[in-house]
Number of protein chains: 2
Amino acid sequence: MAKRSGSSQVTIRDVAGLADVGVATVSRLPNGDPAVAAATREWVHAVMAELGDEPLRAARALLRRRTDALLVVLPLWTRCFSVQILCGIEEALLETNDAFILRTLERPADGSRTIASVRRDLVDGVLLASLVVRPLRLARLERERWSAVVADGDPAVPLSLIVVDHVEGARLAVTHVARSGHRRMAAIDRPGDPFADKQRSRRLLGDRQALQELGPERRAEYERVTPFRVEGGITGLHSLMQLPVPPTAIVVGRETHAGSVLRAVRQLGLDVPRDLAGVGYHESEIAELLGLTTVHCPRRAIGRQAAQLLLDSFSGRLAPNEVAVGWVTPNLMVRRSCGAQGTEPGAGSVGE
Amino acid sequence: MAKRSGSSQVTIRDVAGLADVGVATVSRLPNGDPAVAAATREWVHAVMAELGDEPLRAARALLRRRTDALLVVLPLWTRCFSVQILCGIEEALLETNDAFILRTLERPADGSRTIASVRRDLVDGVLLASLVVRPLRLARLERERWSAVVADGDPAVPLSLIVVDHVEGARLAVTHVARSGHRRMAAIDRPGDPFADKQRSRRLLGDRQALQELGPERRAEYERVTPFRVEGGITGLHSLMQLPVPPTAIVVGRETHAGSVLRAVRQLGLDVPRDLAGVGYHESEIAELLGLTTVHCPRRAIGRQAAQLLLDSFSGRLAPNEVAVGWVTPNLMVRRSCGAQGTEPGAGSVGE
DNA sequence: GGAAACTTCCGAAACGTTTTACTTGACGAA
DNA sequence: TTCGTCAAGTAAAACGTTTCGGAAGTTTCC
């Protein structure tokens, strides 16, 4: 059969020899070059399959100046949120046989250090997730000719983006609470890194817009920004309930934060949803466990679409300096925390 | 200064020319070849720094048959657990400038398909995390000459391993509960994929061993294996509390499962820790939120040590067919769910 | 003093692919 | 026939590195 040498590596020359064609003809195959007759193409394909040969990636990369890999920079302080984005990215890449190198960030400040640590020739481009891209970093990307896209990003950044419509998300939450019969809605959100702050302000924007449209005007004193840990939820709630006219519903900026608020509610001897209704952001095991109605981001879609955008820019479907923006809309996962219309806990799955 | 050509790529020949040495001498530098005088080394290094040159990875890989990257296969149904392992891996790799390609698994059955989808020449080896390595897969790894290590694995597998001492973990939990004055301890665990089942049986083993040593003999009817969702916790607890002599403490197989059990406890009008003490496994936001005492796995250390093992086998510090096994011991995060000695909720951070 | 051994470096030949420039043969049009 | 055009395929030159076989120069040992 094959007259391969002692090495286990089958080369393009072996294939060419066996198929009785030139090496160039073989090489043209995986690159989809049209200058090869259909019959020849098929014949050579068969020989390649027989020999179990696929072009060696390193040799290919050397000549094409392409690695078929991309860099993913992913924050971890958002925990499971990012992981779902990652899954989406992987999904998109699996279809095209590309790979990705991952760099996770544990603190917001790690961002620039991280990108700098990756050699430009290791990957074809970079996908930044849930990050603020500072002008300095942007300049660096520009200078070193990176192809870059941002997943779950700020629409003001001049890069290709997948944007989550947080304004609409907040609107969903408020509308839902209003439909459940509430008029006095408070908002508790959390301070955070610059990125989280951007998200928060967009949520608050949607929140206010929706309230205005619906009629029940929120008073300024119904808004709270309290730290993220358990005690933050407690102090936030206490200060709200001590108002002369306390709210009857609360929208909270994250599901774990909502968890701490619920805890505080119980401490006050109140019942959810009888005395107080609530909606949180983001979907998690906690939300399911607590029966909390939440606004859910399609994180997987974010990842998949962002990766697709980057692949498009590699393949030339996107001009080098063209930026594309895709929008993704959250949806509402209704549970018990706003009243009877929700499902019983445990009836639904966390899902994606 | 440099007389580089139009291309932006600085080659080894540019460096050699400018430094007035042969290309071989330059090439020896990053490979740590000792056959180059200290003075020369320094001088050439300076020139390389000046030109901003580093060897092109693809060209290097072509000749060395090394990619300086490894594959990480990581299950996602364990959610945040895996992510922490990933952080550890990244940490170890960052020091040596290696990269990794990630493949996540969403269902246990995806395992073999996933490894098969990665070309052998893309990476130098594979790190399998929290997985059962079936004989068939093992044979494949052997046949294709993969270097492989398993993080958080089953000690029976004939590969290099980092093993978590779950027996000791269970012992910690039981000992803690016993010290809090309890004698009648129940165990609720969950069924799962083959891997989780292995973990569970090791936990139960440690559990029984510790009980035997401590004196209070568990009766068989105190052990329950119930499904993972909310209703699983409820039925498990109910059937335990309806026993003629109900237990006074429960050890639960995972923190989210413990969450659903706690929920059931409240439904029965009981108080934790007054009427019933509890310990869960694994550390998470849920555990902190609920004030649940848990057994904590040092997941980061698992990842870091496993990566280190793989790097060792690349560098020859580990003989090709030598297997190394490292043990990692869990520790106890004491909170309120076993009595007064725990800290108040919110006082501690999730840590790790 | 000369051979042997060691140190330090050099030039050139790989590595397996892509790509460029060129050949060949077939087919019409002039 | 002669030329140009086109399709299909070929041979050879890259790509940037590592490494092999030497070759100087220096030291060591009889």
Side-chain angles (χ1 to χ4, degrees), chain A residues 2 4-45 47-48 51-68 97 119-122 124, chain B residues 2 4-45 47-48 51-69 97 119-122 124 314:
Chain A
R4 53 166 92 177
S5 68
S7 157
S8 73
Q9 173 70 36
V10 182
T11 80
I12 200 175
R13 251 173 280 270
D14 298 332
V15 177
L18 198 64
D20 203 28
V21 297
V23 289
T25 307
V26 180
S27 169
R28 285 197 173 106
L29 232 39
N31 300 327
D33 194 314
V36 48
T40 321
R41 190 197 327 267
E42 212 152 311
W43 162 235
V44 176
H45 254 144
V47 174
M48 282 181 75
L51 261 51
D53 179 57
E54 276 186 76
L56 190 73
R57 292 188 76 118
R60 223 159 167 243
L62 175 58
L63 223 42
R64 299 198 319 154
R65 291 302 156 91
R66 277 274 220 105
T67 60
D68 291 329
N97 244 317
R119 294 275 330 269
R120 180 67 187 79
D121 66 349
L122 180 61
D124 299 333
Chain B
R4 52 166 93 179
S5 68
S7 158
S8 73
Q9 174 70 38
V10 182
T11 80
I12 200 174
R13 253 173 278 271
D14 297 332
V15 176
L18 199 65
D20 203 30
V21 296
V23 288
T25 308
V26 180
S27 169
R28 286 200 172 100
L29 232 39
N31 299 326
D33 194 315
V36 46
T40 320
R41 190 196 328 269
E42 213 152 311
W43 162 234
V44 176
H45 254 144
V47 174
M48 283 182 73
L51 260 52
D53 179 56
E54 276 186 77
L56 191 73
R57 290 187 76 118
R60 232 164 158 235
L62 175 57
L63 223 43
R64 298 198 318 154
R65 292 303 157 91
R66 277 271 221 108
T67 60
D68 291 329
N97 243 317
R119 294 274 331 268
R120 179 68 187 79
D121 67 349
L122 181 61
D124 298 334
F314 295 158

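Values reported hereafter were calculated over all heavy atoms of this structure, with side chains retained and with hydrogens, waters and symmetry mates removed. All chains are named by letter (A, B, ...) in the order of the sequence lines, taking the proteins before the strands, and each is independently numbered beginning at 1.
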*With nearest nucleotides of DNA chain D determined for Val21(A) and Arg13(A) from heavy-atom distances, which residue corresponds to the more 5′ nucleotide?*
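With Val21(A) and Arg13(A) compared, the 5'-side residue is Val21(A).
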*What does Asp20(B) touch in the nucleic acid at a heavy-atom separation under 4.0 angstrom: a base, only the sugar-phosphate, or nothing?*
sugar-phosphate
*Base, sugar-phosphate, or nothing: which does Leu62(A) touch, judged by heavy atoms less than 4.0 Å apart?*
base
*Taking five pairs at each end of the helix from dG1(C)-dC30(D) to dA30(C)-dT1(D), what angle separates the two helix axes (nearest 10°)?*
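Inter-axis angle at the termini of the helix from dG1(C)-dC30(D) to dA30(C)-dT1(D): 50°.
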*By side-chain hydrogen bond (donor to acceptor under 3.5 Å, both in side chains), which residues pair with Arg60(B), not counting sequence neighbours?*
Asn31(B)
Between [N] and [X], is there an OP1 or OP2 to side-chain N/O distance shorter than 4.0 Å?
| X | N | answer |
| --- | --- | --- |
| Arg65(A) | dT18(C) | no |
| Ser27(A) | dT18(C) | yes |
| Thr40(A) | dG9(D) | yes |
| Arg64(A) | dC15(D) | no |
| Thr25(B) | dC10(C) | yes |

From the options [options], select the nucleotide whose nearest atom is closest to the side chain of [X].
| X | options | result |
| --- | --- | --- |
| Arg60(A) | dT17(C), dG11(C), dA11(D) | dT17(C) |
| Ile12(A) | dG16(D), dT18(C), dG21(D) | dT18(C) |
| Ala24(A) | dG16(C), dC15(C), dA11(D) | dA11(D) |
| Val23(A) | dT18(D), dC20(D), dA12(D) | dA12(D) |

